[in-house]
Amino acid sequence: MASNTSPSIDLSSYRDQHFKGTRAEQDKLLRLSTTLYVGNLSFFTTEEQIYELFSKCGDIRRIIMGLDKYKKTPCGFCFVEYYTRPDAENCLRYVNGTRLDDRIVRTDWDAGFIEGRQYGRGKTGGQVRDEYRTDYDAGRGGYGKIIQQKIGTEVPAFLR
């Protein structure tokens, strides 16, 4: 029997290392999920902008913005939960890889939002990948946090 899925909506190899359960349980949840992880957002992208783009694929149940766990400011990711799996699949097909706020958005399946996951997991409160970034990225707060600490730069007030 042929599958109705396309490569753009298949499960990726990424798995949440903090998932509480077995790999098989996580895979099952991912195959049934209506929730997407959205990455590579600008720190300045608003919930309204996300809603405008992602609602083109279907009705959104909720959007959970990713926040710096200390400053409670956006830190470049979110979760988008649809009401139905086909709407979430359309999002993976048509929104993944598009430009939002001058950045290429990445989407992937998520096993389902659990309270507390909206906070960055890096030592400094944001995303781990932003701590080790060595390039300057104005949309994500300038240089990576470790570089900022080493060279003593502070994020300018107008970028916070």
Smallest separation among heavy atoms of Cys91 and Cys57, with atom names: CA-SG, 3.5 Å
Let me confirm one number: the CZ-CD1 distance from Phe77 to Ile64, rounded to the nearest 0.5 Å. 10.0 Å
With sequence neighbours left out, write down each residue that passes side-chain hydrogen bond (donor to acceptor under 3.5 Å, both in side chains) with Arg62, or none if nothing qualifies. Glu81
Where the side chain of Asn96 meets the backbone of Thr107, is there a donor-acceptor pair that is under 3.5 Å apart? yes
As a quick check of understanding, evaluate side chain to side chain contact (heavy atoms under 4.5 Å, CB included) for Ile50 and Val38, giving each step before the final call. CA-CA 10 Å; Ile50 293 165; Val38 181; 5.9 Å; no
Which residues share a side-chain contact (heavy atoms from CB on, under 4.5 Å) with Ile60, sequence neighbours left out: Tyr51, Phe54, Ser55, Ile63, Val80, Tyr82
Which heavy atom of Gly112 sits nearest a heavy atom of Ser33, and at what distance? N-OG, 4.4 Å
With sequence neighbours excluded, tell me which residues meet salt bridge (Lys or Arg N to Asp or Glu O under 4.0 Å) with Asp110. Arg117
Quick one: salt bridge (charged side-chain N to carboxylate O under 4.0 Å, His left out) pairs with a partner in residues 44-57, sequence neighbours left out? none
Sequence neighbours excluded, which residues qualify as side-chain hydrogen bond (donor to acceptor under 3.5 Å, both in side chains) partners of Thr84? Asp87
Contact check, side chains of Leu53 and Thr98, non-hydrogen atoms, under 4.5 Å: yes
Would you say the side chain of Pro74 lies within less than 4.5 Å of the side chain of Leu41, judging by non-hydrogen atoms? no
What's the shortest heavy-atom distance between Ile104 and Asn40, and which atoms? O-ND2, 2.7 Å
CG/Asp108 to CZ/Arg106 distance, rounded to the nearest 0.5 angstrom? 10.0 Å
Which residues pass the side-chain contact (heavy atoms from CB on, under 4.5 Å) test with Leu29, sequence neighbours left out? Phe19, Ala111
Within the structure provided, determine whether Leu36 and Trp109 are in side-chain contact (heavy-atom separation under 4.5 Å). yes
Who passes salt bridge (Lys or Arg N to Asp or Glu O under 4.0 Å) against Asp27, sequence neighbours left out? Arg15, Arg23
With sequence neighbours excluded, residues passing side-chain contact (heavy atoms from CB on, under 4.5 Å) with Glu115: Phe113, Gln118
Applying salt bridge (Lys or Arg N to Asp or Glu O under 4.0 Å), name anything that partners Asp102, two or more places apart in sequence or on another chain. Arg99
Shortest non-hydrogen separation from Asp101 to Gln49 and the atoms involved: OD1-NE2, 3.3 Å
Suppose we screen for side-chain contact (heavy atoms from CB on, under 4.5 Å). Which residues come up paired with Lys28, at least two apart in sequence or across chains? Arg31, Leu32
